[in-house]
Amino acid sequence: MATAPGKVYPGDNQRIDVLFYDNTGALTDPSEVRFKTMSPCGTSATYTYGTDTNLVRAVAGEYLIDFVVTEAGRWRWRWEATGLSTPFVKEGNLIVQYSPFYDDYGTDYAL
């Protein structure tokens with residue numbers, strides 16, 4: 001599941017989860033789990049399970065992350081995992097709406 005339905009604004013917390021399966025279809029924990037974000041202006045961040053407290057293991061094979069979007073535009077995200085029978089990558093994106101209360105772009109229109 002990506003994000004909850006509805007509009008997203010700067011300052012909102014986003015929760016994105018992922019499921020990892022082995023070659024038999026059972027949920028399994030990878031050796032390493034990473035989550036990456038890229039903001040609309042190109043700023044990137046990488047979170048690693050076991051190092052970053054906002055990336056957590058819910059149950060075996062299910063991981064989730066909470067992060068705050070800080071600007072309007074298209075945010076991109078990517079899960080990466082190693083230690084499974086095949087390499088794992090899952091990507092997605094979300095649109096963050098312009099907010100005259102948060103963004104200072106000098107415009108009065110929504111993205």
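Hydrogens, waters and symmetry mates are skipped; everything else that's a heavy atom, side chains included, is used.
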Between [Y] and [X], is there a side-chain heavy-atom distance shorter than 4.5 Å?
| X | Y | value |
| --- | --- | --- |
| Tyr63 | Pro30 | yes |
| Phe35 | Asn54 | no |
| Leu27 | Glu62 | no |
| Trp75 | Val8 | no |

Roughly how far apart are [X] [atom1] and [Y] [atom2], rounded to 0.5 Å?
| X | Y | atom1 | atom2 | answer |
| --- | --- | --- | --- | --- |
| Ile65 | Arg34 | CD1 | CZ | 12.5 Å |
| Lys36 | Thr46 | NZ | OG1 | 5.0 Å |
| Asp17 | Asp66 | CG | CG | 10.0 Å |
| Glu91 | Glu80 | CD | CD | 8.0 Å |
| Trp79 | Tyr49 | CH2 | OH | 11.0 Å |
| Asp12 | Thr70 | CG | OG1 | 11.5 Å |

(Q) Are Phe67 and Tyr47, when compared by the centres of their aromatic rings, separated by less than 6.0 Å? (A) no

Q | Atom of Ala58, atom of Leu64 and distance for their closest heavy-atom approach | A | CB-CD2, 4.1 Å

(Q) Give me the atom names and distance for the closest heavy-atom approach of Gln97 to Ala72. (A) O-CB, 3.6 Å

Q. Does Glu71 reach the main-chain N or O of Ser39 with its side chain, forming a donor-acceptor pair under 3.5 Å?
A. no

Q. Hey, any chance Tyr9 and Ile16 share a hydrophobic cluster, counting ILVMFWY side chains that come within less than 4.5 Å of each other, even indirectly?
A.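 The answer is no; the residues belong to distinct hydrophobic clusters.
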
Q) Val69 and side chain to side chain contact (heavy atoms under 4.5 Å, CB included): which partner among Leu94, Thr37, Ile95? A)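 For Val69, the side chain to side chain contact (heavy atoms under 4.5 Å, CB included) test succeeds with only one of Leu94, Thr37, Ile95, which is Leu94.
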
